[in-house]
K.L.:
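Have a look at this one.
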Amino acid sequence: MTTVDTGQLEAALERAVERVRRLPESRLRRGAAAEGRALADELTRRAQLLERPYGGTRRVPDAGPWAVGDQIAVTGHDLARAIQQAPDEGRARRELAEALAVLAAFHV
């Protein structure tokens with residue numbers, strides 16, 4: 001396990017989740033839910049590759065527009081845990097930086 005602090009990731013994740021949860025249904029249906037699912041897909045892909053570098057990855061299912069905030073939260077927390085448990089600290093730090101960049105680029 002690494003000693004990488006994922007506090008920044010957790011904070012950025014919470015901000016993204018709260019933005020999505022505050023959106024009206026009309027905005028979710030006009031594309032924000034799809035953007036949120038794409039973010040959840042990216043977060044889960046990163047976690048899965050960190051945990052099993054040679055395994056396949058799975059996508060996040062479409063559970064409707066109201067579930068997107070929860071999907072981002074769960075996949076983001078999974079990624080934070082995978083970073084904390086990564087055996088290679090250098091890779092964990094790179095993954096943390098990339099995950100923070102992905103979350104910073106998420107605008108809904």
Side-chain angles (χ1 to χ4, degrees):
M1 264 190 338
T2 67
T3 58
V4 176
D5 180 7
T6 58
Q8 279 186 293
L9 176 59
E10 298 284 349
L13 179 63
E14 284 303 313
R15 287 190 298 273
V17 168
E18 286 307 311
R19 280 196 316 266
V20 170
R21 286 181 176 159
R22 287 187 190 128
L23 292 175
E25 181 179 5
S26 60
R27 181 105 185 268
L28 288 167
R29 294 198 183 276
R30 283 193 318 260
E35 290 177 39
R37 266 192 308 283
L39 174 61
D41 274 337
E42 179 62 15
L43 296 173
T44 199
R45 183 187 71 80
R46 289 177 175 279
Q48 290 172 20
L49 289 174
L50 198 55
E51 292 170 342
R52 296 181 313 269
Y54 303 107
T57 60
R58 296 183 199 168
R59 298 194 68 200
V60 174
D62 183 348
W66 297 115
V68 173
D70 292 337
Q71 289 175 314
I72 294 168
V74 168
T75 58
H77 291 300
D78 287 349
L79 177 56
R81 181 134 172 111
I83 289 170
Q84 291 168 345
Q85 294 181 343
D88 179 348
E89 188 168 333
R91 182 170 180 211
R93 289 188 184 284
R94 286 189 303 276
E95 190 58 52
L96 175 60
E98 290 173 15
L100 288 169
V102 166
L103 283 165
F106 178 67
H107 299 289
V108 291

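Positions are given from 1, in the same order as the sequence printed here. Only a predicted model underlies this, so the values are computations on that prediction, with no experimental measurement involved.
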K.L.:
Measure the CG-CZ distance between Asp88 and Arg93 for me, rounded to the nearest 0.5 Å.
P.N.:
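Rounded to the nearest 0.5 Å, the CG-CZ separation comes out at 11.0 Å.
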
K.L.:
What's the spacing between Glu95 CD and Leu49 CG if we round to 0.5 Å?
P.N.:
8.0 Å

K.L.:
Say you draw a straight line from CG of Leu103 to CZ of Arg15; how long is it, rounded to the nearest 0.5 Å?
P.N.:
8.5 Å

K.L.:
Within this structure, what is the OG1-NE2 distance for the pair Thr6 and His77, rounded to the nearest 0.5 Å?
P.N.:
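The OG1 atom of Thr6 sits 10.0 Å away from the NE2 atom of His77.
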
K.L.:
Rounded to the nearest 0.5 Å, what separates atom CD1 in Ile83 from atom CD in Glu51?
P.N.:
10.5 Å

K.L.:
Please report the closest heavy-atom contact between Ala33 and Val68, naming both atoms and the distance.
P.N.:
O-CG2, 3.7 Å

K.L.:
Return yes if some donor-acceptor pair links the side-chain N/O of Arg46 with the main-chain N/O of Glu98 below 3.5 Å, else return no.
P.N.:
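Side chain of Arg46 to backbone of Glu98, a donor-acceptor pair under 3.5 Å: no, none is there.
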
K.L.:
Under the side-chain contact (heavy atoms from CB on, under 4.5 Å) test against Val4, which residue among Gln85, Gln84, Glu89 passes?
P.N.:
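Only one of Gln85, Gln84, Glu89 forms a side-chain contact (heavy atoms from CB on, under 4.5 Å) with Val4, namely Glu89.
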
K.L.:
Same cluster or not: Val60 versus Leu39, using hydrophobic residues (I, L, V, M, F, W, Y) connected whenever any side-chain heavy atoms lie under 4.5 Å apart?
P.N.:
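Different hydrophobic clusters.
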
K.L.:
State yes or no: do Val102 and Val108 share one hydrophobic cluster built from I, L, V, M, F, W and Y residues joined by side-chain heavy-atom distances below 4.5 Å, directly or via other members?
P.N.:
yes

K.L.:
Between Thr44 (side chain) and Asp41 (backbone), is there a donor-acceptor pair under 3.5 Å?
P.N.:
no

K.L.:
Of all the heavy-atom pairs spanning Leu9 and Ala99, show the shortest one and how long it is.
P.N.:
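Looking at all heavy atoms of both residues, the closest pair is CD1-CB, 3.9 Å.
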
K.L.:
Could you give the distance from CG (Leu28) to CG (Leu23), rounded to the nearest 0.5 Å?
P.N.:
5.0 Å

K.L.:
Where the side chain of Gln71 meets the backbone of Asp62, is there a donor-acceptor pair that is under 3.5 Å apart?
P.N.:
no

K.L.:
Taking all non-hydrogen atoms of both residues, which atom of Ile72 and which atom of Leu43 are closest, and how far apart?
P.N.:
O-CD1, 4.0 Å

K.L.:
Applying a strict under-4.5 Å side-chain criterion to I, L, V, M, F, W and Y, I'd like to know whether Leu50 and Val74 cluster together.
P.N.:
no

K.L.:
Near Glu14 CD, under 6.0 Å, is it more than 12 heavy atoms from other residues, nucleotides or ligands?
P.N.:
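More than 12 heavy atoms, drawn from other residues, nucleotides or ligands, come within 6.0 Å of this atom.
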
K.L.:
Looking only at heavy atoms, which two atoms of Phe106 and Ala16 are closest? And how far apart?
P.N.:
CD2-CB, 4.0 Å

K.L.:
For Pro53 versus Arg91, what's the shortest heavy-atom pair and its separation?
P.N.:
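So the minimum-distance heavy-atom pair works out to CG-NH1, 4.0 Å.
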
K.L.:
Determine the minimum heavy-atom distance between Ala73 and Leu13, stating which atoms define it.
P.N.:
O-CD2, 3.9 Å

K.L.:
Show, in sequence, the C-alpha distance, side-chain angles and deciding distance for Arg45 and Arg59, and conclude whether the side chain to side chain contact (heavy atoms under 4.5 Å, CB included) test is met.
P.N.:
CA-CA 8 Å; Arg45 183 187 71 80; Arg59 298 194 68 200; over 6 Å; no

